[in-house]
Each structure stands twice: as C-alpha cells, then as structure tokens.
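Take a look at the structure set out below.
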Amino acid sequence: MASSRSGNAPSASLDSLAEDQYFSAHPTPVDLEKHVAQAQDFINHQLTAGRRVVLVTSGGTIAPLEKQMVRFIDNFSAGTRGARSAEHFLEAGYSVIFMHRQFSLQPFSCRYSHTTDCFLDYLVEGPNGSVVVRKDDSDKMLQVLKKYREVREKNMLLFLPFVTVNDYLHLLRAVGRAMQPLGTDGLLYLAAAVSDFFVPPSQMSEHKIQSTDHAKPSGATTTENEEKKGIPDYFTSPENITSNKQLTIFLDAVPKFLANLVHTWAPRCMIVSFKLETDPDLLLEKSKTALSRYQHDLVIGNLLTTRKWEVVFITPDGQEKWIRAPAHKEGETEDRSLDRSKLPDEPAVELESLVVPAVIELHTRHIQQHST
Ligand code: PAZ
C-alpha cells in the first residue's frame with residue numbers, strides 16, 4: 001500500500017518543532033491515558049471485524065481564563081452536526097469514535113436532549129408504579145433505542161469527551177496516531193468548533209480573576225522591575241490601572257496542528273475538516289486556502305446562519321460542490337444563497353443524511369487510490 005501523504009509536509013521540521021513545544025508546555029489531561037487505551041482496544045476490535053472507522057469530532061472547546069477555572073470563553077456549537085453525522089456513518093456500517101465536548105449532543109440521544117421538550121415530557125406513569133414512554137412517541141423512540149442498542153452491542157460506537165482546547169489537542173493527536181493501523185480505512189471528520197484563541201498556561205492566573213480596579217490583566221507577565229521591588233509594576237504604572245473595572249485579557253493564537261495530523265499523525269487516513277464563516281464572501285476563499293495549506297482531502301464549508309441547510313465541498317481537484325437540503329416544500333431546491341430569515345428551523349430532510357454519503361463516496365475513492 002502506498003502512503004498517501006507521509007513526508008510531503010511543506011514545512012515538516014517547523015511543524016514538528018511547534019508540536020514538541022506545545023505538547024511539552026501544555027499539561028496532559030488526567031484521563032488521556034485511559035481514553036487512548038479505550039481507543040486502541042476499539043480500533044483493534046474494528047480491525048478484526050474488518051470495519052472502516054471514522055473519528056467524528058463534535059461540539060465546541062473552551063478556553064479557560066484561570067487555572068482553577070471559574071470563567072472561560074466558549075462558542076456556539078451544540079454538536080448537532082457531529083451527533084447526526086455519527087448516526088449516518090453508523091447506518092452505513094462505519095464504526096465511530098465520537099470525540100465530543102462533554103455534555104454536548106450525542107448520536108441517538110440527540111433526538112431527545114437539548115430539545116424544547118424536557119425528556120420527562122416523553123414519559124408517563126404506567127401500570128404498577130412503572131414509567132413508560134408516552135404512546136405517541138413510543139414507536140419513534142423504540143426505533144432510536146434499537147439502533148443505539150445495536151451499535152453498542154456490536155461495539156461500533158465509542159464516546160471520548162473533551163472540554164478545553166488543550167484536552168482536544170492532546171486527544172486528537174493520540175487518537176489520530178492510534179488510527180494509523182487502519183491505514184486508508186480510517187476517516188477523520190473534524191466537525192468540532194475548536195477555539196482559535198486561548199490564554200496559555202504560562203500566562204494564566206492560578207486563582208479567580210478579581211474584579212477590583214487594580215486587577216492585573218490576565219496574560220500580563222511579571223516585569224524585571226516587579227521582581228526586584230516585589231511590587232508588581234502593574235499596580236504602580238498609571239496606564240495599567242483601569243477605571244470602570246474593565247478587564248483586559250491577552251489571548252494567544254492556538255497553534256494549528258492539521259498539517260501534523262495530515263502528514264505525521266494519521267498520514268494514510270482520509271481527513272475532512274470543516275470551515276465555519278459568517279461572511280458569505282469569505283467562505284470559499286477561506287475553505288480553499290485551508291485545503292491548499294494543509295493538503296488534506298476535503299474541506300466542508302458552511303455559514304453560521306445556513307449551516308443546517310447547505311454546505312460546500314472543496315476538493316483537491318479544485319471543484320466546489322454545494323449540497324443543499326430540500327426546502328420544506330418538496331422539490332424546492334433552488335441553486336441560490338439561502339435567505340435565513342425565510343427558512344423554517346429545520347429542513348425537511350436532515351442535511352447530514354446527504355453530506356455523509358457524499359463523504360463516504362470520497363472515502364471509497366481515497367481507499368481505491370491509495371491502496372496498491
Ligand atoms: O455543532 P453545530 O451543529 O451547532 O455546528 C456545526 C459546526 C458549524 C461547528 C461545524 O459544521 C463546523 O463548521 N465546524 C468547524 C468550525 C470551524 O472551526 O471553522
């Protein structure tokens with residue numbers, strides 16, 4: 001079998017330096033070893049069963065502001081894309097490593113959590129003090145339950161949680177590497193919304209940031225003068241003393257490791273990244289730039305307001321292909337930008353039911369092209 005990309009990294013040495021620096025300076029999550037062992041067992045099982053495996057990342061990461069974290073920066077992602085996509089991959093016979101933000105939506109249970117109805121609304125009191133599902137909901141719930149039980153019994157679905165952007169990066173590297181034995185049968189579908197900015201641990205306040213006028217900005221470093229006098233300059237320099245209890249936080253860019261994933265962590269797997277934008281004029285350009293920068297297999301672009309209705313596939317052959325969910329009236333699939341203000345909450349057909357088969361088709365081609 002030919003390696004698809006290994007060794008072709010444009011700046012491999014720089015990437016590996018950045019990788020060493022990041023992973024030695026940023027603490028390993030407490031559960032990492034346990035989660036990696038679970039992933040390895042799961043992958044070995046799938047290798048024996050001869051199944052393809054997809055790693056689906058899902059939900060947002062947080063960027064903590066304090067080591068003993070009280071506050072953090074989060075983003076909007078609920079994990080809908082990831083949870084629904086995982087279901088469609090399972091339906092197609094893939095085994096799924098579902099790497100998700102803790103408490104975000106999960107495959108199958110997403111049909112009943114984070115909805116406007118509380119899960120208790122689906123339940124009623126049954127005979128002899130039992131609890132049963134409300135009659136109108138029980139058929140549908142039974143179908144969902146059966147599918148869930150089946151994939152769990154066949155050991156086709158593994159849940160791995162993360163919370164912070166650092167948890168995510170450590171876990172992605174470890175699971176990506178663990179997927180290497182799958183070769184081209186491995187697929188990475190990176191739908192998580194990963195923080196672009198964070199406070200690195202070296203700059204992070206140990207304790208809760210205080211809301212006094214003289215609070216030191218998070219991320220500000222101690223100066224030589226501060227150390228000599230034992231008095232932080234911050235408290236003596238008038239320009240740093242804020243009025244109106246404003247807090248200034250300095251954020252660093254989170255390093256991008258997609259090139260490392262593509263070229264060294266999982267070089268033979270197919271890698272799909274997502275690109276989210278809010279400005280329609282930027283979406284195509286940014287998606288194309290990401291694909292050419294990281295040299296992976298597919299970028300799926302989407303806009304915040306229309307993400308449930310349409311996505312665009314950007315592939316290395318320079319093609320762009322829009323996939324659109326049918327509007328709620330049958331046949332209404334006009335080739336135009338969607339006007340969010342006129343759309344109902346959800347399309348008639350779930351977008352992921354169209355996106356996942358299209359990704360699988362490309363994965364099949366990837367396997368054919370890179371297997372000898
Ligand atoms: O989780 P969700 O269904 O609310 O949103 C999905 C999404 C928009 C986060 C995903 O489709 C995506 O674009 N992820 C990558 C985001 C980015 O880092 O650009």
Side-chain angles (χ1 to χ4, degrees), residues 54-63 73-89 96 98-111 113-116 159 161-165 168-169 172 187-198 251 253-259 261-262 271-291 293-294 296-314 320 322-325 338 340 343 345-347 349-356 358-359:
V54 58
L55 170 71
V56 175
T57 71
S58 184
T61 61
I62 65 164
I73 300 173
D74 202 350
N75 67 53
F76 73 97
S77 171
T80 312
R81 172 88 73 227
R84 290 180 180 178
S85 299
E87 288 182 17
H88 293 290
F89 278 116
V96 175
F98 189 67
M99 191 176 135
H100 64 285
R101 162 75 177 279
Q102 189 182 38
F103 308 132
S104 65
L105 289 171
Q106 297 192 351
F108 306 108
S109 66
C110 63
R111 308 290 161 185
S113 60
H114 298 216
T115 63
T116 42
F159 293 98
F162 59 80
V163 178
T164 67
V165 59
Y168 172 90
L169 291 173
L172 181 67
L187 169 63
L188 291 92
Y189 182 89
L190 308 174
V194 182
S195 316
D196 287 325
F197 301 99
F198 73 151
L251 299 172
V254 173
K256 305 273 183 219
F257 290 115
L258 193 48
L261 180 65
V262 171
I271 296 176
V272 181
S273 72
F274 279 75
K275 171 62 78 187
L276 174 78
E277 290 297 335
T278 53
D279 180 351
D281 293 339
L282 289 183
L283 183 64
L284 289 175
E285 185 198 319
K286 296 289 288 275
S287 301
K288 285 176 186 169
T289 304
L291 194 68
R293 178 169 299 150
Y294 301 114
H296 53 306
D297 304 288
L298 172 65
V299 174
I300 302 182
N302 53 177
L303 291 169
L304 184 67
T305 50
T306 56
R307 68 190 189 282
K308 293 191 177 166
W309 292 83
E310 60 179 9
V311 294
V312 59
F313 276 29
I314 307 291
E320 68 184 62
W322 286 90
I323 298 189
R324 294 193 163 98
L338 293 170
R340 182 69 184 89
L343 295 171
D345 275 356
E346 291 276 343
V349 174
E350 175 167 304
L351 185 57
E352 291 75 15
S353 71
L354 307 173
V355 169
V356 168
V359 171

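FYI, side chains are in, hydrogens and waters are out, and symmetry mates aren't considered; it's all heavy atoms of this structure. As the structure lists them, so they are numbered: ligands from 1, and atoms in each ligand from 1.
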For the 3.5 Å polar cut-off, considering only N or O atoms, please tell me whether Ser77 and ligand 1 meet it. yes

For Leu276, is at least one N or O under 3.5 Å away from an N or O on ligand 1? yes

Report, in ascending order of atom number, the atoms of ligand 1 lying under 4.0 Å from any heavy atom of Phe76. 4 (O), 5 (O), 8 (C), 9 (C)

Is the backbone of Val254 close enough, under 3.5 Å, to the side chain of Asp196 for a donor and an acceptor to pair up by distance? no

What residue and atom, counting heavy atoms only, is the protein's closest point to atom 13 (O) of ligand 1, and at what distance? Asn302 ND2, 2.9 Å

Which residue in the set Thr164, Ile73, Asn75 passes side chain to side chain contact (heavy atoms under 4.5 Å, CB included) when paired with Ile62? Thr164

Has the side chain of Thr278 got a donor or acceptor atom that lies under 3.5 Å from a matching backbone atom of Leu304? no

Only one of Leu187, Leu188, Ile271, Val96 clears side chain to side chain contact (heavy atoms under 4.5 Å, CB included) with Leu55; which? Leu188

Polar-atom distance check: Ala191 versus ligand 1, any N or O pair below 3.5 Å? yes

Consider only side-chain N and O atoms of Ser85 and Tyr189, and report whether a donor and an acceptor are under 3.5 Å apart. yes

Which residue supplies the protein heavy atom nearest to atom 5 (O) of ligand 1, what is that atom called, and how far is it? Arg307 NE, 3.4 Å

Please list, in number order, the atoms of ligand 1 under 4.0 Å from a heavy atom of Thr80. 1 (O), 2 (P), 3 (O)

Could you tell me whether a side-chain N or O of Ser287 sits under 3.5 Å from a main-chain N or O of Lys275, the two making a donor and an acceptor? no

I want to know if ligand 1 touches Gly79 in the polar sense, i.e. an N/O pair below 3.5 angstrom. yes

Between Arg81 and ligand 1, find which residue part has any heavy-atom pair under 4.0 Å and reply side chain, backbone, both or neither. both

Between the side chain of Ser113 and the main-chain N/O of Ser109, is any donor-acceptor distance below 3.5 Å? yes

Is a side-chain donor or acceptor of Ser273 paired with a backbone partner of Leu190 at a separation under 3.5 angstrom? no

So the atoms of ligand 1 within less than 4.0 Å of a heavy atom of Lys275 turn out to be 19 (O)

Proximity to ligand 1 by part of Ser58, non-hydrogen separation under 4.0 Å: neither

